Amino acid sequence: MSETRKPFPFHEFEPAWQARWDAEKTFRTPGPGDEGFDPAKPKYYVLDMFPYPSGAGLHVGHPEGYTATDIIGRYKRMNGFNVLHPMGYDSFGLPAEQYAIKTGQHPAVTTAENIETFRRQLKALGFGYDWDREIATTDPGYVRWTQWIFLQIYQSYFCGETNRARPVSELEAKGWTREEIDNVRLAYVADTPVWWSPDLGTVLANEEVEEWKAKGHTVERRPLRQWMLRITKYAQRLIDELDGLDWPEGIKLLQKNWIGRSEGATVRFQISNFESQIEVFTTRPDTLFGATYMVLAPEHPLVERITTEDRMAEVEAYRKTCATKSDLDRGDLNKDKTGVFIGAHAVNPVNGAEIPIWIADYVMMGYGTGAIMAVPAHDERDFEFATKFELPIVQVVQPGEDVDWRGFTDYGTAVNSDFLDGLPTSEAKAKMIGWLEANGKGKGRIQYKLRDWLFSRQRYWGEPFPIVWKDGRHEAIPEGELPLLAPPLEDYKPSGSPEPILSKAKDWVELPDGSLRETNTMPQWAGSCWYYLRYCDPMNEERFVSKEAEKYWQNVNLYVGGTEHAVLHLLYARFWHKVLFDLGHVSTREPFQKLVNQGLILGEDGQKMSKSRGNVVNPDDVIREYGADALRLYEMFMGPLEQVKPWQMKGVEGVSRFLARVWRVALDEGADGSYAISPKLRDEPCADAELRRVVHETIKKVGEDIEKLSFNTAISQMMICTNAFTQAQVVPRGEFVDFLKLLNPFAPHLTEEIHARVGGEGMLSEMAWPDYDPAALVRNEIEFIIQVNGKLRERLKLGRDSGEEEVKAAALASAKVAEFIEGKTIRKIVFVPGKLMNLVAN
RNA sequence: GGCGGCUUGGCGGAAUUGGUAGACGCGCUCGACUCAAAAUCGAGUUCUAACGAGUGUGGGUUCGAGUCCCACAGCCGCUACCA
């Protein structure tokens, strides 16, 4: 293959500029206490979701968000902001370890290699990061503070009265026992049914299960002793405090749905012939009179105790089937409802009716109380179940006219419900809750879907817990011992048993005083929960971030990343941030003020990029062929940042041609391949009013569009401007250099190179953003649109200040207009000054 | 099933408060340059021979609707028996 000739020598100047930015630390950002810090400057913190350094290197999705933030960062810098725009690596985690096992190398080695690759690729794109702030979550200096934050969480509890986290030392002072305190810590140990993956050798958080199953790993339910974080205490605040954030509504909604708040009541049903009661949660206490049976989750602890002798065999058999079923089978919607009667009965507290108790796998142990009252008349699932097993269906809600009450689940009017009869549903609910509370049969309750966060993993490549076990109790290690690093291990492969990998390192686990180290490790989310804080002060050895740096930089003004983190990373990070806020370690309630999700880039075939489809575009190839500026510009020109859009190699060629046109405005190629300054480029004021108008319109639009993150339209305006320069006889230097400044955030290498070649001094990226002259935008003649009955019939060039009478006279004088109003009477005239006139005639 | 997003030429996409639909780019056509081609520069390009029609479909509001309202359809994403 012959080397294609480059239309401009990007392959020479791009690496040269990158080297210069590196050497001169052009994008170094001084913070409080640093040399060169100017506290008078406004700050702007623009953040990318840092990459997980996979073995595959960057894909084209990374530069999409990264270019967008780079443009914003450079633009804000030119507008006088002190811009924090850092980059780092989310380098712990399961995928890194899987990759290491696959390649037979230690994860520390592969991670270092992968980071090296990512760094090289990021630098080849010319991003204006402050590389002095680069961090990796695996750095011991970073691990130390991740563990320190964990200890803050561990040493705290959630105070219901003040609705915030407080140190447990306050409880100690109040005389709480060790045991009582352990029961309220925000980080606690619990034996709980968890998602265990034998082939990954670890448990997974609820949120992660789907992802790994999709990758072909098996996941099963299993009770294990695990570390949990009490995120549920923050459920309400995690919902409420979304309000002040400038996030896409869709993402807020996703978080709210994930947290899943529902209002209702708990109701206690007495079990006939037993002391025990069954507590259920319902969002429809108004339908209590319609409860004709009860259902317990198959795993419900009461089942063993209350099942009657004659039903025992069948119940046991059913429970066994449920236990072996993966939740995939269980979640299969097309499946029939199944369940068995356990022989026991309960008493409906509101009418004394004896109703049968069943178990069925459509009731989940993990939500509410793991038991329901079934109201088949007004719940789809109960209706289906009752129909199948021929259980009674009693109407208690009356829908509007012509609607069948069977299976009617909306709000209506209470019927067959004694003291609720005639009340609309919302009032009936309130009245029933009042009745339950007055009679001690239940109370109003708010229930969340959100579970506590399963925080421990059994794998090697993660932060060890800074915890030791003494006499069967957990205890924090002294802060001075941080970071606590994992011991070097030859064999870190999963064994298939739930025993954590670190337990193999006996010397590390067993301490001289007989205590044992915790052998679980933290999940990958731990590092990404606070990296945006560490960037503010990455070298600090005294604190996770200095008070001054935190105060100056927080919170993040703009955070750009993919939607895949809508409920995981973004929820966890908010939770940690709130704990740190409550404890006085950070000054803002929320970490990310504005969030933008970049849209997925699809392959050329309109399908998701994947190796198996063979439609993956490698950014390295694009840079080699067209240059980094062309890649950056293309990704911004494809369409709106937030939209899903397909890749088109022809489109890259298009923007590459545009960049070549910009180059040729200023530089002529000689016969020998060298470049000389174009004679069209003159050091004189702009005499061409039209050219000047286009330039100033471009200054205005590009600035406004960057603020709106509408990069594709900014680029199209710069194309218009370039076409005007190309066609002009004389290109005034002042206007051209202003144009280069506008293009600089998008195509930093090319613009700096042109500027230097035409003798410009200094770097464009360190200059001020140009202002536009409003006077230059004014046109003297405007094309007025003349409509007849709303349809365009004529265009008339008239003075820009033409009034209604003037335009009307001109319109009536037009032959085209006359044709359409002939024989008609003008009933009305709509006039939009400077724009159009509509003649309404019939 | 639920929730969210999307639907504009051959393609990616533009269109302030409702006011010229199709900016800009790709592709294509023609011309200039060239022995020729590429590259480049210039002209054209929604459909239709034309009258006209036209922003997924059907209705509505309005002097005027891609934009607002109602109903429906299709595609994509997330979620899934949450009581």
Side-chain angles (χ1 to χ4, degrees), chain A residues 4-5 7 210 248-254 256-258 260-262 264 280-284 287 295 297 327 330-335 337 360-364 366-375 379-382 384-385 409 447-451 563-564 566-567 597 599-600 602 606 608 633-634 637-640 642-655 657-658 660-661 664 669 704 710 712-720 722-723 726-727 783-795 827-832 834-842:
Chain A
T4 44
R5 226 189 55 75
E210 282 308 320
E249 283 309 313
I251 299 296
K252 287 190 184 182
L253 203 63
L254 229 48
K256 284 181 193 167
N257 290 344
W258 188 267
R261 180 187 204 271
S262 45
V280 303
F281 172 74
T282 175
T283 53
R284 292 295 297 271
T287 62
V295 184
D327 69 319
R330 200 163 156 168
D332 188 357
L333 261 194
N334 299 325
K335 164 205 75 154
K337 291 271 181 297
D361 66 0
Y362 81 92
V363 174
M364 309 287 143
Y367 181 73
T369 62
I372 62 157
M373 62 177 212
V375 184
D379 180 283
E380 236 175 277
R381 297 149 298 174
D382 298 343
E384 202 184 314
F385 191 83
T409 57
Q447 180 69 39
Y448 300 92
K449 273 198 278 185
L450 185 69
R451 308 274 67 133
T563 347
E564 67 272 19
V567 285
N597 292 120
L600 196 65
L602 303 173
K608 213 167 176 167
L633 205 71
Y634 173 64
F637 188 59
M638 291 173 83
E642 301 182 57
Q643 196 167 299
V644 178
K645 35 201 183 290
W647 186 273
Q648 294 190 127
M649 217 38 113
K650 282 285 186 192
V652 186
E653 247 173 78
V655 292
R657 273 205 282 267
F658 159 65
R661 282 162 72 87
R664 282 195 301 269
E669 188 175 9
E704 288 170 354
S710 179
N712 56 331
T713 53
I715 293 167
S716 107
Q717 181 62 39
M718 288 190 283
M719 287 172 168
I720 292 170
T722 302
N723 292 343
T726 302
Q727 293 186 338
E783 200 174 64
F784 278 82
I785 299 308
I786 309 302
Q787 299 178 331
V788 177
N789 292 332
K791 288 200 169 152
L792 172 74
R793 297 303 184 190
E794 177 67 300
R795 302 156 195 271
R827 303 285 176 196
K828 189 175 176 184
I829 292 177
V830 180
F831 179 63
V832 182
K835 236 177 198 153
L836 69 81
M837 173 165 283
N838 186 14
L839 305 173
V840 185
N842 62 13

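Heavy-atom basis, side chains included; hydrogens, waters and symmetry copies ignored. Protein chains get the first letters and strands the later ones, always in sequence-line order, with residue 1 at the start of each. Owing to the predicted nature of the structure, the values given are computational and were not obtained by experimental measurement.
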- Query: So which heavy atom on A:Val832 is nearest to which on A:Phe784, and how close?
  - Reply: O-CE2, 4.5 Å
- For B:U67, the nucleotide meeting Watson-Crick or G-U wobble distances (both under 3.5 Å) is none
- Query: Which is true for A:Ile720 with a 4.0 Å heavy-atom rule: it touches a base, it touches only sugar-phosphate, or it touches nothing?
  - Reply: sugar-phosphate
- Item | Nucleotide of B:G13, B:C63, B:G25 approaching A:Lys645 most closely (side-chain heavy atoms) | B:G13
- Can you tell me the distance, in whole Å, between the OH atom of A:Tyr362 and the P atom of B:A83? 13 Å
- Query: Taking atom C1' in both B:G13 and B:C3, what distance in whole Å separates the two?
  - Reply: 28 Å
- Assert: residue with more 5' nearest nucleotide on RNA chain B, out of A:Arg793 and A:Ile785, is A:Ile785
- When you compare B:C63 with B:G74, how far apart are their C1' atoms, in angstrom units rounded to a whole number? 34 Å
- Message: By nearest heavy atom, map A:Val830 and A:Lys449 onto RNA chain B; which one lands nearer the 5' end?
- Response: A:Val830
- Message: Please confirm whether the shortest side-chain N or O distance from A:Arg381 to OP1 or OP2 of B:A80 is below 4.0 Å.
- Response: no
- Message: For a quick test of reading the model: is some side-chain N or O of A:Arg664 closer than 4.0 Å to OP1 or OP2 of B:C41?
- Response: yes
- Message: Work out how far the C1' atom of B:A49 is from that of B:C24, and round it to whole angstrom.
- Response: 31 Å
- Message: With syn defined as a glycosidic angle within 90° of 0 and anti as the rest, where does B:G64 land?
- Response: anti
- Task: Report yes if at least one side-chain N or O of A:Asn723 is closer than 4.0 Å to OP1 or OP2 of B:C41; otherwise report no.
- Result: no
- Under a 3.5 Å limit on both distances, the Watson-Crick or wobble mate of B:G44 is B:C28
- Message: I'd like the P distance from B:U55 over to B:A65, given in whole Å.
- Response: 11 Å
- So what does A:Gly654 hit on the nucleic acid, given a heavy-atom distance under 4.0 Å: a base, only sugar-phosphate, or nothing? sugar-phosphate
- Item | Distance-only donor-acceptor test (3.5 Å): side chain A:Lys337, base B:C81 | yes
- Message: Would you measure the distance from the C1' atom in B:A71 across to the matching atom in B:G10 and give it in whole Å?
- Response: 32 Å
- Interatomic distance, A:Asn838 CG vs B:U20 P [rounded to whole Å]: 12 Å
- When rounded to the nearest 0.5 angstrom, what is the spacing between CD1 in A:Ile251 and CD in A:Glu249? 10.5 Å
- Item | Watson-Crick or G-U wobble partner of B:A49, both distances under 3.5 Å | none
- From the options B:A14, B:G42, B:A83, select the nucleotide whose nearest atom is closest to the side chain of A:Asn712. B:A14
- Item | Value rounded to 0.5 Å, distance of CD in A:Glu642 from CG in A:Leu600 | 14.0 Å
- C1' atoms of B:A83 and B:G5, separation to the nearest Å: 29 Å
- Task: Rounded off to whole Å, could you give me the CD-to-P distance for the A:Gln643 and B:G77 pair?
- Result: 15 Å
- Is there a side-chain polar atom (N or O) of A:Arg661 under 4.0 Å from OP1 or OP2 of B:C41? yes
- Item | Closest to the A:Met364 side chain, choosing from B:C81, B:A53, B:G19 | B:C81
- Item | Sugar-phosphate, base or nothing in reach of A:Ser262, heavy atoms under 4.0 Å | sugar-phosphate
- Task: Classify the angle between the aromatic ring planes of A:Tyr362 and A:Phe385 as parallel (below 30°), tilted (30 to 60°) or perpendicular (above 60°).
- Result: tilted
- Task: Would you confirm whether A:Arg284, through its side chain, and A:Thr409, through its main-chain N or O, come within 3.5 Å as a donor-acceptor pair?
- Result: yes
- Item | Whole-Å distance separating the CG atom of A:Leu602 from the P atom of B:C6 | 16 Å
- Query: Side chain of A:Phe637: nearest nucleotide among B:C24, B:A21, B:G13?
  - Reply: B:C24
- Task: Return the minimal non-hydrogen interatomic distance between A:Thr287 and A:Val375, and the atom names on each side.
- Result: OG1-CG2, 3.4 Å
- Might you point out which heavy atoms bring A:Pro7 and A:Ala660 nearest each other, and give the distance in Å? CB-CB, 3.9 Å
- Task: For A:Asn257 and B:G1, give me the distance from atom CG to atom C1', rounded to whole Å.
- Result: 14 Å
- Task: Could you check how far CE of A:Met649 sits from P of B:C26, rounded to whole Å?
- Result: 16 Å
- Item | Where A:Ser262 and A:Thr283 come nearest, the two heavy atoms and their spacing | CB-CG2, 3.9 Å
- Within the structure, does a side-chain N or O atom of A:Lys650 lie under 4.0 Å from either OP1 or OP2 of B:G27? yes
- With heavy atoms under 4.0 Å as the rule, sort A:Lys835 into base, sugar-phosphate or nothing. base
- Rounded P spacing from B:U8 to B:A15 in Å: 15 Å
- Message: Rounded to whole Å, how long is the line connecting atom CH2 of A:Trp258 with atom P of B:G77?
- Response: 18 Å
- Assess whether one donor atom and one acceptor atom, taken from the side chain of A:Gln727 and the base of B:G42, lie less than 3.5 Å apart. no
- Task: Could you tell me whether A:Val644 contacts a base, only the sugar-phosphate backbone, or nothing, with contacts defined as non-hydrogen atoms closer than 4.0 Å?
- Result: sugar-phosphate
- Separation of B:C26 P from A:Leu633 CG (nearest whole Å): 12 Å
- Item | Out of B:C11, B:A83, B:C24, whichever nucleotide has its closest atom nearest the side chain of A:Gln648 | B:C11
- Message: Both distances below 3.5 Å, Watson-Crick or wobble geometry, any strand: find the nucleotide opposite B:G18.
- Response: none
- Message: For the P atoms, the ones on B:C51 and on B:U34, what distance do you get once it is rounded to whole angstrom?
- Response: 41 Å
- Find the partner of B:G1: check Watson-Crick (N1-N3 plus N6-O4 or O6-N4) and G-U wobble (N1-O2, O6-N3) distances, both under 3.5 Å, and reply none if neither fits. B:U79
- In this structure, are over 12 heavy atoms from other groups packed under 6.0 Å from A:Glu783 atom CD? yes
